[in-house]
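Throughout, a chain's letter reflects where its sequence line sits, starting with A, and its residues are numbered from 1.
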Number of protein chains: 2
Amino acid sequence: MVEPGDPLHATCEEPVFDPLVGEDGAGTLTIAEAAAATGVSTHTLRYYERAGLMRDPVARATSQHRRYSAGDIRWVTFLTRLRTTGMPIREMARYARLAGAGEGNEAERLALLTEHRRRVLERLDEVQRNLAAIDKKIAVYQEIAVYQERIDR
Amino acid sequence: MVEPGDPLHATCEEPVFDPLVGEDGAGTLTIAEAAAATGVSTHTLRYYERAGLMRDPVARATSQHRRYSAGDIRWVTFLTRLRTTGMPIREMARYARLAGAGEGNEAERLALLTEHRRRVLERLDEVQRNLAAIDKKIAVYQEIAVYQERIDR
DNA sequence: CTAGAACCTGGAGCGCACTCCAAGTCAAAA
DNA sequence: TTTTGACTTGGAGTGCGCTCCAGGTTCTAG
């Protein structure tokens, strides 16, 4: 038995809930449930853990089955934000290592995220510029379509 | 030597200049020059051609060396716009096949580009939403930085 | 004429981010 | 208790978009 809601070690990172509440993981999610909750496949969840993206290894039931805490779910959700904005796995691993090391490296984490943000904005701008060029081509084809229509009637 | 600017067969696609002007490719570019002009490596230029991205095979000198026309360069430049906006090679090949087939399939090309545009905008939106979430995390770390500063003085 | 750079080809190799497989363990329902 | 399905692991496989290699031909400068 473990008391829930330990008010200690409340870090600024992810509000950590006790991973194993009650007997063998009550209040936690199986890997399939975590997959459903985050939109990431079970394969990928295991892969992410192997790749060092989880700050700390995910808690286990006595059966060795993974038990995802609410904090784990929030963390994975944040990982997906980094991923869909194009951060490479290696860099996510570096961020996870920093976050897993606890307080004291916030400046480094800030720098990492800020630099990522800069690259994302750069990329967004590049895509938008190229899309504008494609839009021009689209406009040309729309002209042709109008012309065809005139012929067809 | 040949006069520049043939006003004939001015299509709506890429204004085509004679690929082989004068003796064995005057007014055209070698693959290295084409690479410099487009920002695509010579390896990739050959790969693109193999992958069917060139509408028609690039013209050759008698030596079998490739000779890129101005139209080829514009085409490759447009290909890079499709690529940097995330179009897969397979789809670019399909577009190239349509463009290579000449007039009559403009509606299909328009549909392809329009659908691509839709997906790009969707993706841009997704990235922006996720970036906004990352921005919030950045703001948290900036708060911490300000707090640290207060401690340090 | 010759050296060295640039080009050619088919095919292999690479890095990334998954995705799946095999063989075994564990768990919830009949 | 037995079946069925979810879970475990290490490692292999996949798809994509290049990127490079080997072995040969061609071009260009001296």
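In this structure, A:Leu29 places its CG atom 16 Å from P of D:dA6, rounding to the nearest Å.
Taken to the nearest 0.5 Å, the CG atom of A:Leu131 stands 4.5 Å off from the CG atom of A:Asp135.
Listed by chain and residue number, A:Ala93, A:Arg94 satisfy the side chain to side chain contact (heavy atoms under 4.5 Å, CB included) test with A:Arg97 (two or more places apart in sequence, or in another chain).
Panel note: side chain A:Asn105, backbone A:Leu98; a donor-acceptor pair is recorded below 3.5 Å.
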- Task: Using a 4.0 Å cut-off on protein heavy atoms (strictly under), produce a 5'-to-3' string for nucleotides 7-22 of chain D with B for base contact, S for backbone-only sugar-phosphate contact, and - for none.
- Result: SBB-B-----BBBB--

- Give the C-alpha distance, both sets of side-chain angles, the deciding distance and a yes or no for salt bridge (charged side-chain N to carboxylate O under 4.0 Å, His left out) between B:Glu115 and B:Arg118. CA-CA 5 Å; B:Glu115 172 61 12; B:Arg118 198 191 56 71; 2.9 Å; yes

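A salt bridge links A:Glu91 and A:Arg119; the closest N-O separation between the charged side-chain nitrogens and carboxylate oxygens is under 4.0 Å.
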